[in-house]
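In what follows, a structure is listed as structure tokens, so that the remarks can point back to it.
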Amino acid sequence: MDKAVNKTNLMAAEITLHGVKEYLALQQHKGLLRFLTCGSVDDGKSTLIGRLLHDSAQIYEDQLASLKSDSAKMGTTGEAIDFALLVDGLQAEREQGITIDVAYRYFSSDKRKFIIADTPGHEQYTRNMATGASTCDLAVILVDARYGVQTQTKRHAFIASLLGIRHFVVAVNKMDLLGFDEQVFNRIRADFTDFVKDFGNLDIHFVPLSALNGDNVVERSTQSPWYQGGTLLELLETIDTQRELSSLPVRFPVQYVSRPHLDFRGFAGTLASGIINVGDELVALPSGKRSKVERIVTFDGDIQEAVAGQAVTITLEDEIDISRGDLLARPDSAPAVANVISADIVWMDEKPLQLGQLYDIKVAGKKTQASVTAIDYVVDVNTLARSATDTLGLNAIARVTLELTEDIVFDAYSLVRDTGGMILIDRLSNATVAAVMVVSGQHVNKQTASQFSAFEVEFNALVRKHFPHWQAIDITKLGA
Ligand SMILES: Nc1nc2c(ncn2[C@@H]2O[C@H](COP(=O)(O)OP(=O)(O)OP(=O)(O)O)[C@@H](O)[C@H]2O)c(=O)[nH]1
């Protein structure tokens with residue numbers, strides 16, 4: 001007998017218990033966690049996701065019936081259900097060599113709603129992983145207990161942390177094959193912790209599990225009495241990723257100006273970080289004009305307080321000129337402006353980066369132009385070794401200097417993703433060619449900076465990097 005109640009039955013039971021209205025209200029107010037799953041081929045990612053969906057009763061009756069008959073047909077797991085078949089769409093695509101994108105799956109438990117970004121683990125899919133990671137708050141990194149921390153594990157951890165993920169769950173899978181040996185688990189924990197020690201302040205959890213048998217996935221296992229932590233689902237339900245955003249400075253990128261009639265002028269968007277209350281003084285950037293919050297309007301009516309992640313429309317007491325792409329912040333913690341930025345980038349286009357070429361750049365609803373004027377270094381994603389280069393190919397990760405045609409309001413990506421994350425777009429093909437994570441920025445006097453060609457700026461940067469003892473000055477800072 002299956003231990004999981006299937007979704008149709010569970011929903012019916014919950015609705016009977018609470019009534020339809022309460023049920024819908026309950027669903028609506030559950031928190032949302034977006035997480036990324038990554039692992040190498042055969043680590044058991046598909047089995048784990050399938051197991052998670054099944055044991056948390058996310059499978060409809062008809063899905064379960066076809067899963068049972070497919071499992072019997074394939075015969076890969078004997079009498080048992082092959083949970084990997086649940087998430088096989090992606091695999092089929094991979095075999096056919098079709099370009100893989102991120103597969104998003106949705107499920108919910110009593111406590112939270114989840115969106116899983118399931119990304120392929122191969123090195124050639126770095127851009128897909130980066131795309132998936134950019135919207136996630138947590139990464140589940142699968143490790144096959146038999147092989148421990150592998151090169152791929154390190155690559156995944158590096159890319160996830162580069163894309164701003166601070167919460168990690170390392171799922172040490174296939175522990176059943178090693179008799180749930182605590183020593184194996186401890187070694188993997190020590191190896192992983194050692195590898196990420198320079199990645200900043202990370203919140204890392206480790207869980208020993210068997211995706212195949214369901215140990216410590218949703219149900220607590222009797223095989224690992226030495227493990228005191230939560231099951232994978234418990235961790236996903238309880239790790240707090242939201243609070244951090246609310247404790248950051250207020251950043252409200254204006255997505256559009258709402259003017260349904262003459263008496264209403266509101267600024268709609270999603271609060272990227274911080275908390276806004278009615279009556280708070282805000283400054284509009286780049287204009288620098290100030291006003292106070294008059295109303296915070298939502299789909300469900302007015303509210304007094306908006307927290308990070310909420311989509312709201314804000315009206316101000318004064319008529320000040322604000323347009324799409326502008327940003328609202330508190331005057332005492334407003335972000336800086338810059339036209340020269342230092343950033344980590346993931347190159348996502350088949351066509352290599354051209355130094356000096358003008359690309360469109362988009363940040364928090366604002367679009368302008370930028371060129372990469374220097375590549376400080378490119379990172380080997382497998383060893384993290386840095387080297388010099390003058391171009392970047394598909395999936396390359398590098399630290400670069402970008403020069404923008406006008407000032408933008410920005411934050412470091414590590415502080416606020418929405419105002420520190422940008423994309424570069426090819427102006428002819430309109431393809432997204434790079435994800436940009438800002439490290440720092442500065443305003444450079446354009447008159448002075450534009451005296452120099454892109455080549456001169458790049459050459460100057462190379463000289464400064466490789467011959468620091470010459471003490472060459474930074475020409476981009478002249479007259480700043
Ligand atoms: N013994 C054991 N086998 C497992 C476990 N989890 C997965 N497997 C087996 O490992 C093999 C690979 O599992 P998949 O779920 O297909 O692995 P994957 O990482 O999704 O593989 P790709 O999709 O090819 O990247 C299958 O034969 C699974 O049955 C586990 O916890 N214990």
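Order of appearance sets the numbers: ligands from 1, and atoms from 1 within every ligand. Small disclaimer: the values here were computed from a predicted structure and weren't measured.
Every salt bridge (charged side-chain N to carboxylate O under 4.0 Å, His left out) that R464 has, sequence neighbours left out, goes to D474.
Within a 6.0 Å radius of NZ in K465, more than 12 heavy atoms belonging to other residues, nucleotides or ligands are found.
For ligand 1, the atoms lying closer than 4.0 Å to a non-hydrogen atom of S46 are 15 (O), 18 (P), 20 (O), 23 (O). Ligand-side atoms of ligand 1 in range of S210: 30 (C), 31 (O), 32 (N), range being under 4.0 angstrom from any heavy atom. The atoms of ligand 1 that sit less than 4.0 Å from any heavy atom of L212 are 1 (N), 2 (C), 3 (N), 4 (C), 5 (C), 6 (N), 29 (O), 30 (C), 31 (O), 32 (N). Near D43, meaning under 4.0 Å from one of its heavy atoms, ligand 1 places the atoms 19 (O). If you number the atoms of ligand 1 from 1 as listed, the ones under 4.0 Å from a heavy atom of K45 come out as 15 (O), 17 (O), 18 (P), 19 (O), 20 (O). Of all atoms in ligand 1, listed by their number and element, those nearer than 4.0 Å to a heavy atom of S40 are 19 (O).
When heavy-atom distances to ligand 1 are checked against a 4.0 Å cut-off, T47 comes that close through both its backbone and its side chain. With a 4.0 Å heavy-atom cut-off, ligand 1 is reached by the side chain of L177 but not by its N, CA, C or O. Counting heavy atoms under 4.0 Å from ligand 1, residue D176 touches it through the side chain alone.
Look at R399 and D344 and you find a salt bridge, because one of the NZ, NE, NH1 or NH2 atoms lies within 4.0 Å of a carboxylate O, short of that distance. A salt bridge between K45 and D43 is absent, with no side-chain N of the basic residue lying under 4.0 Å from a carboxylate O of the acidic one. Between D360 and R427 there is a salt bridge, with a side-chain nitrogen of the basic residue lying less than 4.0 Å from a carboxylate oxygen of the acidic one.
Distance alone, capped at 3.5 Å, is enough to place a donor-acceptor pair between the H156 side chain and the Q152 backbone.
Note: F114 and F107 have parallel aromatic rings, judged against thresholds of 30 and 60 degrees for the angle between ring planes.
On a distance-only criterion, A211 and ligand 1 share at least one N/O pair closer than 3.5 Å.
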